[in-house]
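Count residues from 1 along the sequence.
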Amino acid sequence: MTSQPLRIVFAGTPEFASIHLKALLETNHEIVGVYTQPDRRAGRGKKLTASPVKQCALDAGIHVFQPSSLKKDVAAQAELAQLRPDVLVVVAYGLILPQAVLDIPSICCLNVHGSLLPRWRGAAPIQRAIEAGDSRTGVTIMQMDAGLDTGNMLAKASCDITEETTAASLHDTLAELGAPLLMDVLSDLETALAQGEVQCDEQATYADKIDKSEALINWNLDAKTIEQRVRAFNPFPVCFSELNSERVKIWQATASQQTNDSPPGTVTASDPAGISIACGTGTLIVSHLQLPGGKALSAAQILNARRDVFAPGVSFTQPAEAN
């Protein structure tokens, strides 16, 4: 066990990161500063909104730093150095850390990454694992180096990805795994660093940042691929398709191998169990969806009010590149 509390600077931004910060606050380690991205405008009013990490830090009375960059800002790097951290803990911070920053802590920089490295390095490991149809994923505590998620792996915890797993549910599961795993590593950091495992670059895959355009459904794809994207892009950016010039968001769906002769994108059946839509191979059965200006509702609720919109035979619009 670590005999002395560590001086820790924490860097993170979203809810996933704040869960780890809250766990750190319950230990005997000294959190000497918190870094998070600058406040962003959010909501219909576009008001400047603090990140979950910032709010957590302010609630705990910890000084918050919000530089727009640490890559070339020498003054921001000097400010960080003045905190004299033993360890910099980075969880979904969202800013690039140059070698000059990685060299500041007296012991090391640690990163909590939402995949079983070296699979899914990069910005969106949670979503890409679901989209690819992976059956398992997890969390890796990594010693940071100058590469993109390439440092030595210090600890891992894994979980299953089921046919019900969404990005939202997997986010929560990985946060529950990551926080105690980080505490374990910090409790005996010297041993963890000594036993760190080098990543095999040949096994690495890259998790590109999610682009909103990816959520547009191409009905020529097989039903299983579309279903995985629906789950991967829930709650953001949410898969969608155009029907009668209305954008319909699809929140939950299941794939069926049921075959039919209808063109891809055609509604083949509508009942309270779901709205069935023909795909390139198989059928997608949509159980929860959202119409413009409304809330996400079950298929049964939608059909009670708008059954005509989803009558068998109507067709969703195919993306131009799919035709």
Within 45° cone of Phe240 ring axis and under 6.0 Å: Arg247 NZ or CZ:
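Judged by the rule, Arg247 and Phe240 form a cation-pi pair.
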
Side chain to side chain donor-acceptor pair (under 3.5 Å), that's the test. Do Asp145 and Thr150 meet it? Break it down for me.
CA-CA 7 Å; Asp145 61 17; Thr150 57; 2.7 Å; yes

Once ring-ring contact (aromatic ring centres under 6.0 Å, His included) is applied, do any residues pair with His113, and if so which ones, sequence neighbours excluded?
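His113 satisfies ring-ring contact (aromatic ring centres under 6.0 Å, His included) with no other residue.
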
Is a side-chain donor-acceptor pair under 3.5 Å present for Gln252 with Arg231?
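Looking only at side-chain atoms, Gln252 and Arg231 do not form any donor-acceptor pair under 3.5 Å.
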
Test: side chain to side chain donor-acceptor pair (under 3.5 Å). Region: residues 73-87. Which pairs qualify, not counting sequence neighbours?
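Sorted pair list: Asp86-Ser106.
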
Lys/Arg-Asp/Glu bridge criterion (N-O < 4.0 Å) met for Glu202, Arg119:
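Salt bridge: no.
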
Does a salt bridge link Lys54 with Asp39, judged by any charged N lying under 4.0 Å from a carboxylate O?
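Asp39 and Lys54: salt-bridged.
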
ring-ring contact (aromatic ring centres under 6.0 Å, His included) contacts in which one or both residues fall within residues 129-157, not counting sequence neighbours
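Those involving residues 129-157 do not exist here.
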
Tell me every residue that passes side-chain contact (heavy atoms from CB on, under 4.5 Å) with Ala273, counting only those two or more places apart in sequence or in another chain.
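Partners of Ala273 under the side-chain contact (heavy atoms from CB on, under 4.5 Å) test: Asp271.
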
Can you name the residues that form a side-chain contact (heavy atoms from CB on, under 4.5 Å) with Asn244, not counting sequence neighbours?
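Only Val309 meet the side-chain contact (heavy atoms from CB on, under 4.5 Å) criterion with Asn244.
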
Determine whether Glu131 and Phe233 make a side-chain contact, defined as any pair of heavy atoms from C-beta on separated by less than 4.5 Å.
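A side-chain contact exists here, since the closest heavy-atom pair is under 4.5 Å.
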
Other than Tyr93, what residues sit in its cluster of Ile, Leu, Val, Met, Phe, Trp and Tyr side chains whose heavy atoms are under 4.5 Å apart, directly or through others?
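Members besides Tyr93, by chain and number: Val9, Val32, Tyr35, Phe65, Leu70, Leu80, Leu83, Leu88, Val90, Leu95, Leu97, Val101, Leu102, Ile104, Leu117, Met142, Met144, Met153.
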
